[in-house]
J.: 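Structure in structure tokens, see below.
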Protein chains: 2
Amino acid sequence: MSSENKKKEGIVPEPSLRRMPCYLAYLKLAKRRNQEYVSSTHIARDMGVDPTQVTKDLSYTSIVGKTRVGYEVNTLIDVLEDFLGFRKLDKAYLFGAGSLGNALLHDHGLDQYGLKIVAAFDIDPKVVGRTIEGVPILHVSEFEKMKDKNVEVGILTVPAEFAQDVAQQMARGGIKGIWNFTPIRIRLAEDCVVQDTSLYAHLAVMFNRMSNIKK
Amino acid sequence: MSSENKKKEGIVPEPSLRRMPCYLAYLKLAKRRNQEYVSSTHIARDMGVDPTQVTKDLSYTSIVGKTRVGYEVNTLIDVLEDFLGFRKLDKAYLFGAGSLGNALLHDHGLDQYGLKIVAAFDIDPKVVGRTIEGVPILHVSEFEKMKDKNVEVGILTVPAEFAQDVAQQMARGGIKGIWNFTPIRIRLAEDCVVQDTSLYAHLAVMFNRMSNIKK
DNA sequence: TTTTATTAAGGATTATTTTCTTTAATGGAA
DNA sequence: TTCCATTAAAGAAAATAATCCTTAATAAAA
Ligand SMILES: NC(=O)c1ccc[n+]([C@@H]2O[C@H](COP(=O)([O-])OP(=O)(O)OC[C@H]3O[C@@H](n4cnc5c(N)ncnc54)[C@H](O)[C@@H]3O)[C@@H](O)[C@H]2O)c1
Ligand SMILES: NC(=O)c1ccc[n+]([C@@H]2O[C@H](COP(=O)([O-])OP(=O)(O)OC[C@H]3O[C@@H](n4cnc5c(N)ncnc54)[C@H](O)[C@@H]3O)[C@@H](O)[C@H]2O)c1
């Protein structure tokens with residue numbers, strides 16, 4: 001009888017999820033300052049957000065705060081990292097070892113946040129066969145043969161015109177989550193999550209806000 | 001009498017701004033297929049969004065659609081690129097030439113979307129003085145002396161603990177828009193825009209949605 | 001011990017964003 | 001020509017998210 005509700009219940013709003021890594025970063029700085037407890041009031045003041053928004057966001061996790069004291073910093077860090085999936089390391093394939101793909105391959109920061117690129121795929125003979133930062137670049141045709149059940153995340157950095165096709169290929173190959181850096185909206189079956197991260201979109205917002213200020 | 005309203009009026013909602021680069025990408029593909037006109041109905045169907053959302057979003061620009069026909073593809077591309085600020089090239093400084101900063105320096109895609117990194121700043125003697133992809137890496141102390149009025153955009157890729165300080169330095173040096181890749185919420189005066197782009201936030205959302213599907 | 005100030009948490013209210021509905025226009029078919 | 005199907009655009013309604021308000025708890029001060 002609650003199966004229709006089940007869909008909604010347990011669903012965390014995207015705005016809240018997006019703020020959580022910010023709280024995490026703030027807490028890590030607080031830990032360095034040897035703070036044992038930190039209250040939503042202080043988090044909110046320091047971060048320039050609303051205090052009740054902080055408690056609401058954190059209430060989606062299992063953390064319980066102490067009245068008049070706040071949240072235990074160490075516990076909250078653990079809870080958040082766990083909740084956000086930053087603790088376990090997900091293996092990922094990268095599709096499209098071009099300019100942006102190369103940039104991501106050169107970046108070591110992601111390892112600390114639960115993501116490890118184990119192989120890259122491309123079609124350009126000039127890059128296929130090479131190795132970047134220890135990650136082999138294979139031809140996309142190799143992907144079909146691999147079917148590694150341990151790799152569920154795919155990073156999509158191919159040119160826009162191939163985005164939809166490659167995404168479908170990824171889904172067929174068992175990829176369950178696509179981190180999509182192209183500005184294309186991917187249409188796929190329900191069992192594959194597509195997370196859009198358009199850098200251009202952020203640039204567009206920044207340019208617009210800048211021109212607003214100049215009146 | 002309308003000065004209180006002036007603040008609101010002309011303000012484009014962030015969700016709309018974020019969708020616009022997607023429309024642009026879609027239109028460029030349509031142009032390649034030699035489509036002269038494209039309607040909101042078709043854009044919406046292909047992209048998996050609501051048709052009225054498309055018209056609402058596009059109504060923030062100067063474009064006017066033709067009843068029963070749609071929008072002229074070429075005009076809409078021009079209008080959108082102009083509206084989003086992708087036409088004129090903004091010069092940018094990069095602060096923090098570490099793993100992510102290097103990645104951005106190696107990436108040539110941004111040039112096409114209105115952003116050109118002309119110099120990078122760091123404090124690490126191991127990188128200061130070097131050149132990456134033609135971009136010189138200078139010591140941050142050099143920034144103070146430069147005061148180049150033509151550079152209004154700053155890219156922030158320093159470790160979290162220095163983010164606030166470096167951001168303040170940037171604002172003092174005349175930077176009007178900070179593209180913030182750190183997970184820290186920057187607190188600054190009103191005349192400097194801060195655009196947060198936390199890759200971790202997107203990862204967090206993707207991991208969460210993936211675990212939801214697994215039930 | 002009593003009071004005070006601060007807090008988490010839950011519910012109510014307000015603001016924002018999305019979706020639905022209606023209207024008027026118009027190219028193309030009959 | 002007349003009708004029909006499709007569209008942009010504007011306004012209404014619904015859904016979602018942010019903010020405000022209240023309550024109960026409790027450390028610290030008096
Ligand atoms: N470069 C950026 O700054 C940037 C920023 C945001 C988004 N993007 C988007 O990311 C995507 C890639 O951008 P880029 O600048 O790296 O382009 P790019 O042309 O440098 O790289 C694309 C790579 O994908 C490969 N490729 C093409 N078809 C393929 C296929 N079927 N399977 C696997 N690989 C294939 C190409 O050989 C090439 O190496 C584009 O959609 C772009 O819009 C780029
Ligand atoms: N690497 C990633 O994948 C990634 C993704 C998202 C966000 N981030 C964020 O981006 C930031 C940088 O990450 P990273 O992995 O590149 O770290 P990093 O340590 O590799 O690079 C940081 C660089 O900043 C320099 N620096 C330090 N203090 C400075 C100062 N005062 N002025 C100028 N430069 C200074 C350091 O010398 C170093 O070169 C962090 O805040 C991180 O959270 C990183």
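No hydrogens, no waters, no symmetry mates; every other heavy atom, side chains included, goes into these values. Just so it is clear: chains get the letters A, B, ... in the order the sequence lines come, proteins before strands, and each one is counted from 1.
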J.: So that I can tick it off, tell me whether B/Asp78 and B/Arg87 are bridged by a salt bridge, with the cut-off set at under 4.0 angstrom between side-chain N and carboxylate O.
T.: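 Salt bridge: yes.
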J.: Is any side-chain heavy atom of A/Phe181 closer than 4.5 Å to one of A/Leu156?
T.: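 Side chain of A/Leu156 against side chain of A/Phe181, heavy atoms only: no contact under 4.5 Å found.
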J.: Take B/Gly70 and A/Pro15, find for each the nucleotide of DNA chain D with the closest heavy atom, and name the residue whose nucleotide sits nearer the 5' end.
T.: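 Comparing both residues, the 5'-ward one is B/Gly70.
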J.: Using whole Å, report how far CZ of A/Arg18 lies from P of D/dT16.
T.: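 Taking atom P of D/dT16 as the reference, CZ of A/Arg18 is at 16 Å.
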J.: Taking the six-membered ring where the residue is Trp, are the ring centres of A/Phe83 and A/Tyr60 under 6.0 Å apart?
T.: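 No; A/Tyr60 has its ring centre 6.0 Å or more from that of A/Phe83.
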J.: Separation of A/Leu76 atom CG from C/dA8 atom P, in whole Å?
T.: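 Between P of C/dA8 and CG of A/Leu76: 11 Å.
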J.: Has B/Tyr60 got a side-chain N or O lying under 4.0 Å from the OP1 or OP2 atom of C/dT17?
T.: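 So the side chain of B/Tyr60 is outside the cut-off, no N or O lying under 4.0 Å from OP1 or OP2 of C/dT17.
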J.: Give the rounded distance in Å between these two atoms: OH of A/Tyr23 and P of C/dA8.
T.: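 Distance check: A/Tyr23 OH to C/dA8 P gives 12 Å.
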J.: Nearest 0.5 angstrom please: A/Ser211 OG to A/Met206 CE, how far?
T.: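 Here the rounded value is 11.5 Å.
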J.: For the residue pair B/Tyr200 and A/Tyr113, does the interplanar ring angle fall in the parallel (under 30°), tilted (30 to 60°) or perpendicular (over 60°) class?
T.: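 If you compare the ring of B/Tyr200 with that of A/Tyr113, the planes turn out parallel.
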J.: Write down the distance between CD1 (B/Ile63) and P (D/dT7), rounded to a whole number of angstrom.
T.: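 Spelled out: CD1 on B/Ile63 to P on D/dT7 is 17 Å.
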J.: Is the distance between the ring centroids of A/Phe121 and A/Tyr93 under 6.0 Å?
T.: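 When the ring centroids of A/Phe121 and A/Tyr93 are compared, they turn out to be within the sub-6.0 Å range.
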J.: SG/B/Cys192 to CD/B/Glu152 distance, rounded to the nearest 0.5 angstrom?
T.: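 Nearest 0.5 Å value for the SG-CD distance: 10.0 Å.
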J.: Any chance you could list the contact pattern along nucleotides 22-30 of chain D? Use B for base contacts, S for sugar-phosphate-only contacts and - for none, protein heavy atoms under 4.0 Å, 5' to 3'.
T.: ---BBB---
J.: Verify, without hydrogens or angle tests, whether A/Thr157 (side chain) and A/Gly96 (backbone) share a donor-acceptor contact under 3.5 angstrom.
T.: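 Yes.
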J.: Within this structure, what is the CG-to-P distance between A/Leu17 and D/dT16, rounded to whole angstrom?
T.: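 It is 15 Å, rounded to the nearest whole Å.
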J.: What residues from residues 33-41 of chain A pass a heavy-atom cutoff of under 4.0 Å to DNA chain C?
T.: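 Residues of residues 33-41 of chain A under 4.0 Å from DNA chain C: A/Ser39, A/Ser40, A/Thr41.
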J.: Would you kindly give the CD-to-C1' distance between A/Glu14 and D/dA18, to the nearest whole Å?
T.: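 Result: 16 Å.
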J.: When rounded to the nearest 0.5 angstrom, what is the spacing between NZ in A/Lys116 and CG in A/Leu110?
T.: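 A/Lys116 atom NZ to A/Leu110 atom CG measures 11.0 Å (nearest 0.5 Å).
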J.: Check the distance between C/dA8's P and A/Leu58's CG and give it to me in whole angstrom.
T.: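 The distance from CG of A/Leu58 to P of C/dA8 comes to 9 Å, rounded to the nearest Å.
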J.: About how many Å separate NE2 of A/His202 and CG of B/Asp196, when rounded to the nearest 0.5 Å?
T.: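 If we round to the nearest 0.5 Å, B/Asp196:CG and A/His202:NE2 are 8.0 Å apart.
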J.: Checking B/Lys88 against A/Phe207: charged group under 6.0 Å from the ring centre and within 45 degrees of the axis?
T.: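 Yes, B/Lys88 sits over the ring of A/Phe207.
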J.: In residues 42-50 of chain B, what residues come within less than 4.0 Å of DNA chain C, judged by heavy atoms?
T.: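 Contacting residues: B/Asp50.
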J.: Which whole-number value in Å describes the distance from B/Gln53 CD to C/dT21 C1'?
T.: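 Answer to the nearest Å: 17 Å.
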